[in-house]
A.B. asks: 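Sharing a structure here in structure tokens format.
What you see is a predicted model, and the numbers here were worked out from it, not measured in a lab.
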Amino acid sequence: MGKKIFLNILYNIALMVMVLCLFWSIKHEQYAVTLGSTVIIAFVIFLKIQLRKEVKAMFKEKKK
């Protein structure tokens with residue numbers, strides 16, 4: 001469980017950094033960085049959703 005909490009914290013930090021990078025790149029008209037940031041943000045959100053599903057399944061198993 002500790003590993004999953006650590007992963008969630010890491011994903012949150014990655015999202016914050018990439019959103020800041022996205023805003024910076026838009027402001028400075030660096031569209032290649034904007035595209036990269038957007039792709040990475042989408043991937044991290046996908047990973048967070050998968051982690052959430054794993055945790056839900058783990059709790060359902062414990063309830064049984």
A.B. asks: Should V55 and V44 be counted in the same cluster of Ile, Leu, Val, Met, Phe, Trp and Tyr side chains packed under 4.5 Å apart?
C.D. replies: no

A.B. asks: In terms of hydrophobic clustering (I, L, V, M, F, W, Y; side-chain heavy atoms under 4.5 Å; direct or indirect links), are L15 and F43 co-clustered?
C.D. replies: yes

A.B. asks: What is the distance from atom CD1 of I26 to atom OG1 of T38, rounded to the nearest 0.5 Å?
C.D. replies: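 Nearest 0.5 Å value for the CD1-OG1 distance: 7.0 Å.
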
A.B. asks: Under 3.5 Å, which donor-acceptor pairs link side chains of residues 45-53 to any protein atom two or more places apart or in another chain?
C.D. replies:
| unit_1 | atom_1 | unit_2 | atom_2 | d |
| --- | --- | --- | --- | --- |
| K48 | NZ | N8 | OD1 | 2.7 |
| K48 | NZ | N12 | OD1 | 2.7 |

A.B. asks: Which residue pairs satisfy the ring-ring contact (aromatic ring centres under 6.0 Å, His included) criterion with at least one member in residues 7-31, sequence neighbours excluded?
C.D. replies: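 Every pair satisfying ring-ring contact (aromatic ring centres under 6.0 Å, His included) with a residue in residues 7-31: W24-H28.
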
A.B. asks: Test of understanding: with side-chain hydrogen bond (donor to acceptor under 3.5 Å, both in side chains), list the residues that count as partners of E54, not counting sequence neighbours.
C.D. replies: K4

A.B. asks: Which atom pair, heavy atoms only, marks the closest approach of V33 to C21?
C.D. replies: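 Shortest heavy-atom separation between V33 and C21 comes out as CG1-SG, 3.8 Å.
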
A.B. asks: What pairs with T34 under side-chain hydrogen bond (donor to acceptor under 3.5 Å, both in side chains), at least two apart in sequence or on another chain?
C.D. replies: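 By the side-chain hydrogen bond (donor to acceptor under 3.5 Å, both in side chains) rule, T34 matches S25.
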
